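In what follows, a single structure is set out as structure tokens and then discussed.
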Amino acid sequence: MARLATIDPEGRPHLVPICFALADDLLYSAVDRKPKRSPHLQRLENIRLHPQVAVLVDHYEDDWTRLWWARLRGPARVLEPGPERERPLELLAAKYRQYAADPPRGDMIEVRIEEWRVWSAA
């Protein structure tokens, strides 16, 4: 599981689950066609206003000795449809078969990872 944290215009945290792919120090997440309340997503507006974001990826099992999480932080930007999205789409399609069958056509989020924090119960 992964969650993207942004800051809304009133300065409040805004948290949403995301699918993602990594490439070196970049994280990519696409706006896909899963049902949404609006085509104007708050997370994208938040990034345009306040680019600093955090992403939390975690793993849970009933066996608590196998728990772990990783938190990354950095500036994000919105990639609109165009050529710079080709490599990120390839990465996402390699990770998620749903994206391979039906590639996202909307905006994409790119996070330049500047800080990693990790924890593991093991």
Side-chain angles (χ1 to χ4, degrees):
M1 294 291 300
R3 292 149 193 91
L4 170 71
T6 61
I7 301 296
D8 76 10
E10 288 79 38
R12 300 173 303 188
H14 180 82
L15 195 63
V16 294
I18 60 168
C19 296
F20 70 97
L22 294 171
D24 300 318
D25 64 344
L26 298 172
L27 176 142
Y28 296 102
S29 180
V31 175
D32 54 35
R33 284 181 269 223
K34 290 189 296 287
K36 309 213 180 358
R37 288 188 296 166
S38 166
H40 305 288
L41 298 182
Q42 187 64 52
R43 72 190 90 160
L44 302 179
E45 294 308 313
N46 292 349
I47 288 169
R48 289 179 177 111
L49 187 60
H50 302 288
Q52 289 295 323
V53 303
V55 175
L56 179 70
V57 182
D58 66 301
H59 175 77
Y60 177 83
E61 289 189 31
D62 288 336
D63 177 357
W64 284 9
T65 65
R66 298 175 58 108
L67 302 179
W68 61 263
W69 59 259
R71 181 183 65 224
L72 59 92
R73 293 182 183 157
R77 68 185 183 115
V78 177
L79 304 178
E80 296 178 0
E84 70 180 329
R85 294 173 15 122
E86 289 176 19
R87 177 70 178 137
L89 282 173
E90 290 172 7
L91 294 167
L92 287 162
K95 185 174 180 184
Y96 302 101
R97 63 179 161 75
Q98 297 89 336
Y99 287 171
D102 188 17
R105 294 189 182 104
D107 293 333
M108 183 174 298
I109 297 167
E110 177 189 83
V111 179
R112 186 169 30 90
I113 303 166
E114 293 181 337
E115 177 188 351
W116 284 88
R117 295 279 189 246
V118 295
W119 174 86
S120 172

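These figures come from a predicted structure and were not determined experimentally.
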#### Entry: Nearest atoms (heavy-atom pairs only) where R73 meets A54
CG-CB, 4.0 Å
### Query
Hey, any chance Y96 and L79 share a hydrophobic cluster, counting ILVMFWY side chains that come within less than 4.5 Å of each other, even indirectly?
yes
### Message
Going by side chain to side chain contact (heavy atoms under 4.5 Å, CB included), name the residues that satisfy it together with I113, two or more places apart in sequence or in a different chain.
### Response
L22, L27, L72, W116
### Task
Check side chain to side chain contact (heavy atoms under 4.5 Å, CB included) between A121 and all other residues, then give those that pass, not counting sequence neighbours.
L67, W119
### Summary
R12 meets the side chain to side chain contact (heavy atoms under 4.5 Å, CB included) criterion, sequence neighbours left out, with D8, E10
### Query
If you take all heavy atoms of S29 and C19, which pair is closest and at what distance?
OG-O, 2.8 Å
### Task
Give a yes or no on whether M108 and V78 share a hydrophobic cluster (residues Ile, Leu, Val, Met, Phe, Trp, Tyr; joining criterion: side-chain heavy atoms under 4.5 Å apart).
yes
### Task
Compare all side-chain heavy atoms of F20 with those of V111 and state whether any distance is below 4.5 angstrom.
no
Please list every donor-acceptor pair under 3.5 Å in which a side-chain atom of residues 81-92 meets a protein atom from a residue at least two apart or in another chain.
{"from": "E84", "atom 1": "OE1", "to": "R77", "atom 2": "NH2", "distance (Å)": "2.9"}
{"from": "R85", "atom 1": "NH1", "to": "G106", "atom 2": "O", "distance (Å)": "2.0"}
{"from": "R85", "atom 1": "NH2", "to": "P104", "atom 2": "O", "distance (Å)": "3.1"}

### Task
Could you tell me which residues satisfy salt bridge (Lys or Arg N to Asp or Glu O under 4.0 Å) with R48, sequence neighbours excluded, listed by chain and number?
E45, E80, D107
### Message
Applying side-chain hydrogen bond (donor to acceptor under 3.5 Å, both in side chains), can you list everything that pairs with Q42, at least two apart in sequence or on another chain?
### Response
N46
### Message
More than 12 heavy atoms of other residues, nucleotides or ligands under 6.0 Å from CZ of R117: yes or no?
### Response
no
### Cluster link L26 to Y99, ILVMFWY, side chain under 4.5 Å
yes
### Query
Looking only at heavy atoms, which two atoms of P103 and A100 are closest? And how far apart?
CD-O, 4.2 Å
### Joint cluster assignment, L4 & L15, ILVMFWY side-chain distance < 4.5 Å
no
### Query
Shared ILVMFWY cluster between I47 and I7, side chains joined below 4.5 angstrom?
no
### Task
Not counting sequence neighbours, which residues clear side chain to side chain contact (heavy atoms under 4.5 Å, CB included) with H59? List them please.
E61, W68
### Query
With sequence neighbours left out, what residues match E114 under side-chain hydrogen bond (donor to acceptor under 3.5 Å, both in side chains)?
R112
### Query
With sequence neighbours left out, which residue pairs that include part of residues 15-31 fulfil the salt bridge (Lys or Arg N to Asp or Glu O under 4.0 Å) condition?
none
